[in-house]
Engineer: 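Quick one: the structure is below, and I'll ask about it shortly.
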Amino acid sequence: MGDLLLGNFHPIRVQTMTTTDTMDTLATVEQSIRCIHAGAEMVRITAPSKNEAENLLKIKNALHAKGYHVPLIADIHFTPNAAEVAARIVEKVRVNPGNYVDKKKFELLEYSNTEYQAEIDRIRERFTPLVSICKQYGTAMRIGTNHGSLSDRIMSRYGDTPLGMVESAMEFLRIARDENYHNIVLSMKSSNPQVMVHAYRLLVVQMLEEFRECYPLHLGVTEAGDGEDGRIKSAIGIGTLLEDGIGDTIRVSLTEDPEVEIPVCQGIVQRYTSRRKEAVLGDTTNGIEITSLPYSPFEYSRRETFSVLNMGGKYVPVVIADYLEEGTITPEALAAIGYNYNKDLDKWNIGDAAADYIYTGDKLINFALPGTLKVLLNYKTWMLTNDRQSVYPVFQLDEFMESNNFSAAVNFLVADVQRFKLMKHQLIPRIRESKNLVLCLESAAINSMQQMREVITELMEEEIKNPVIICIETKNKAVDDQLIHFATEAGGLFLEGMGDGIWLWNNMTETEQIIATGRTYLEVKNNNQFLNNTAFSILQAVRTRISKTEYISCPSCGRTLFDLQETTARIRSYTHHLKGVKIAIMGCIVNGPGEMADADFGYVGSGPGKITLYKGKEVVKRSVNADVAVQELINLLKENGAWIEPEVKNSLTFLSSSA
Ligand code: SF4
């Protein structure tokens with residue numbers, strides 16, 4: 001692509017997309033330059049019609065005149081004629097196979113084999129000219145499937161499934177191969193990291209089976225939103241695949257300025273760059289060969305466990321708050337993990353994102369805790385206490401092997417997976433007979449997610465059914481990097497159905513994090529709250545424990561018809577207490593409705609100053625004046641029983657700010 005090499009063990013490339021009007025040459029050039037300075041190796045620009053496609057030449061020339069030569073990508077939906085113009089100008093065109101030829105009607109149609117084949121023939125007829133132009137001009141192409149915009153044809157046969165996404169891209173890829181055109185990248189994006197991960201894995205298998213070779217892959221989670229949720233969702237989806245060795249270029253789609261996406265991309269990629277270096281230096285813990293799996297990596301199923309108290313079995317994953325570094329623990333200190341103490345009423349107010357356990361090391365808590373919060377103490381200190389109802393022991397491996405004193409309720413065994421592997425022949429029989437034991441697995445290895453997955457896979461093969469808590473420490477100081485680390489390490493395992501709880505720590509104060517971060521875009525006000533919210537956000541992103549409203553907001557582009565960042569923040573300020581409700585905020589009516597995928601309600605720009613409101617995929621209010629559209633959205637939530645009055649004004653943990 002231009003001079004940039006992609007795929008085949010070249011570095012993982014980072015890219016973003018402009019949000020300016022493509023006809024505004026100056027604004028698009030200036031924004032592209034900001035992205036390039038931030039480190040973008042490719043810049044994508046929307047080309048909704050021939051006019052914008054033609055204007056790409058002016059943009060490209062202006063960039064070249066200023067000395068910027070990064071490859072440009074034209075983003076095409078619905079308009080083959082725009083693609084055919086753009087392919088003569090820029091280094092790459094992106095087409096969406098869900099809407100390149102098909103006009104989606106959101107209808108569930110029945111297709112006979114003949115009708116289905118007739119549509120494929122029609123695609124061949126419309127798509128082949130673009131392929132010829134790309135071949136002639138040396139232009140690359142991304143066949144970019146989106147979960148939310150599959151054609152009616154694909155939906156009729158496969159539904160909106162990962163398999164449908166794969167087939168949607170394969171139809172186009174087969175045509176391109178028939179034309180002997182191979183300058184291709186593919187993507188399988190979804191706002192749901194689970195769907196996205198399964199689709200990419202299936203695509204790799206399908207390509208290998210059909211062609212015995214793979215094309216490079218562009219990874220991304222669409223409509224990931226903003227702030228910590230956007231970073232977490234993206235890192236889970238992209239990171240899980242990079243852990244598998246899948247992915248050649250990435251884009252993190254945030255509802256923030258596009259240059260802000262680049263450091264997040266770099267944070268994700270950096271993990272694998274340094275890993276490669278260590279592999280070259282001979283670190284043998286890098287890379288694990290797995291020859292068989294006791295579960296399917298193409299669909300979600302939770303590892304089978306028995307329950308111990310509220311862990312494992314059918315219980316949602318628990319959250320363990322780490323207060324090891326806290327000084328004296330007071331009732332007020334628990335507000336950070338969802339427990340607000342009202343001194344006057346002597347009552348606890350428990351939030352939706354309230355931790356289930358608190359680990360204090362050797363510190364005793366000298367006040368009555370709410371019933372839903374239990375304490376974990378180091379084993380030797382636990383032995384000195386009398387409370388056997390709400391205080392439980394945490395064993396290290398040697399203590400566990402040697403001890404005869406256990407809690408009748410629950411015992412936690414903290415084990416580094418490397419040591420676990422070394423001791424497994426003694427450990428596994430002992431664990432097998434411990435029916436009230438919860439394993440807390442941690443790893444200091446550079447590929448710790450893979451190491452943990454290997455051990456949990458082994459537990460599955462051994463039919464060990466004790467619950468497992470995923471324990472992750474980060475040594476990163478930058479807040480964005482911490483989110484990426486936690487989300488990739490823990491999120492990937494939860495996507496595999498492997499976690500019954502999450503325990504995060506970073507051994508630092510909020511002040512250390514702010515001082516240490518030269519390029520942070522998120523600030524931490526309270527470290528305990530940061531860790532607790534991150535844990536709940538990871539569980540929400542992998543859809544294993546829902547504790548808050550979910551926002552599916554597009555990153556915006558040249559098609560956007562309103563200030564998406566400001567509107568998203570406003571909608572969030574009114575609706576953040578609606579646990580479990582999924583609200584989509586989309587910039588345009590052309591792609592928005594399709595891309596919203598599984599949102600419950602949608603707020604979609606439908607013309608200058610106009611908004612269309614959706615319930616699911618159904619339009620309920622058209623062309624609402626933007627001034628009253630947020631209120632109308634609230635009315636819609638009320639009419640559909642999705643609204644509850646906010647109880648207390650929540651203080652937000654994170655400040656979103658552009659540095
Ligand atoms: S949904 Fe958003 S990002 Fe996608 S095309 Fe429309 S405005 Fe652009």
Side-chain angles (χ1 to χ4, degrees), residues 15-24 27-28 31-32 35 43-49 51-53 56 73-79 82-83 86 93-100 103-104 106 142 144-150 187-192 196 218 220-226 230 233-234 251-261 551-569 571 582-599 601-614 617 619 626 629:
Q15 58 174 295
T16 184
M17 182 168 173
T18 54
T19 57
T20 48
D21 178 350
T22 308
M23 294 309 291
D24 187 340
T28 306
Q31 194 177 57
S32 300
C35 296
V43 175
R44 184 156 47 115
I45 301 169
T46 189
S49 74
N51 286 346
E52 285 86 355
L56 290 171
I73 306 161
D75 195 61
I76 307 289
H77 295 269
F78 297 105
T79 45
V93 286
R94 177 270 169 120
V95 298
N96 179 343
N99 60 29
Y100 187 71
K103 295 280 174 283
K104 194 169 168 61
F106 296 105
R142 169 156 67 99
T145 301
N146 278 11
H147 179 218
S149 55
L150 296 174
S187 64
M188 300 274 114
K189 296 194 185 181
S190 168
S191 63
N192 179 343
M196 171 253 186
H218 163 129
V221 176
T222 51
E223 286 82 41
D226 59 359
K233 258 195 203 175
S234 298
R251 190 233 170 155
V252 168
S253 304
L254 298 177
T255 310
E256 298 180 32
D257 294 337
E259 60 268 32
V260 174
E261 294 177 356
Y551 299 95
I552 298 162
S553 58
C554 81
S556 85
C557 72
R559 292 180 188 263
T560 310
L561 295 163
F562 56 89
D563 184 336
L564 231 137
Q565 292 183 33
E566 188 265 325
T567 307
T568 303
I571 291 175
K582 294 196 209 90
I583 300 175
I585 304 138
M586 310 299 284
C588 74
I589 198 87
V590 185
N591 281 332
E595 304 290 343
M596 298 185 319
D598 56 354
F601 298 92
Y603 179 106
V604 181
S606 52
K610 297 290 177 202
I611 303 297
T612 293
L613 298 176
Y614 286 74
K617 293 219 177 288
V619 174

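When a ligand or atom number is given, it counts from 1 through the structure's own listing order.
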Engineer: Checking only N/O/S atoms, does Cys557 have one that is under 2.8 Å from atom 6 (Fe) of ligand 1?
Structural biologist: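 Cys557 does not place any N, O or S atom closer than 2.8 Å to atom 6 (Fe) of ligand 1.
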
Engineer: Looking only at side chains, do Thr20 and Thr28 share a donor and an acceptor under 3.5 Å apart?
Structural biologist: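 Indeed, the side chains of Thr20 and Thr28 share at least one donor-acceptor pair under 3.5 Å.
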
Engineer: Report the nearest protein non-hydrogen atom to atom 6 (Fe) of ligand 1: residue, atom name, distance rounded to 0.1 Å.
Structural biologist: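 Protein heavy atom with the smallest distance to atom 6 (Fe) of ligand 1: Cys588 SG, 2.3 Å.
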
Engineer: When you compare the side chains of Gln565 and Thr568, does any donor N or O come within less than 3.5 Å of an acceptor on the partner?
Structural biologist: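 There is no such pair (donor and acceptor under 3.5 Å, judged by atom type) between the side chains of Gln565 and Thr568.
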
Engineer: List every atom of ligand 1 that sits less than 4.0 Å from any heavy atom of Thr560, numbering the atoms from 1 in the order shown and giving each element.
Structural biologist: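 Here the atoms of ligand 1 in question are 7 (S).
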
Engineer: Near Arg559, which atoms of ligand 1 are under 4.0 Å from a heavy atom of that residue?
Structural biologist: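 Reading through ligand 1 atom by atom, the close ones are 5 (S).
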
Engineer: Whether the side chain of Thr145 engages the backbone of Gly98 through a donor-acceptor N/O pair (distance < 3.5 Å, no angle test) should be reported.
Structural biologist: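 No; judged by distance alone, with no hydrogens or angles, the pair does not exist.
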
Engineer: Do Thr19 and Gln31 meet the criterion of a side-chain donor-acceptor pair at a distance under 3.5 Å?
Structural biologist: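 Yes, Gln31 and Thr19 have a side-chain donor paired with an acceptor closer than 3.5 Å.
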
Engineer: Please report the C-alpha distance between Ser149 and Asn96 in whole Å, then the side-chain angles of each, then the deciding distance to 0.1 Å, and finally whether the side chain to side chain contact (heavy atoms under 4.5 Å, CB included) criterion is met.
Structural biologist: CA-CA 8 Å; Ser149 55; Asn96 179 343; 2.9 Å; yes

Engineer: Looking only at protein heavy atoms, which one is nearest to atom 2 (Fe) of ligand 1, and how far off is it?
Structural biologist: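 Looking at atom 2 (Fe) of ligand 1, the protein heavy atom closest to it is Cys554 SG, 2.4 Å.
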
Engineer: Of all the non-hydrogen atoms in the protein, which one sits nearest to atom 5 (S) of ligand 1, and at what distance?
Structural biologist: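 Of every protein heavy atom, Asn591 ND2, 3.2 Å lies nearest to atom 5 (S) of ligand 1.
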
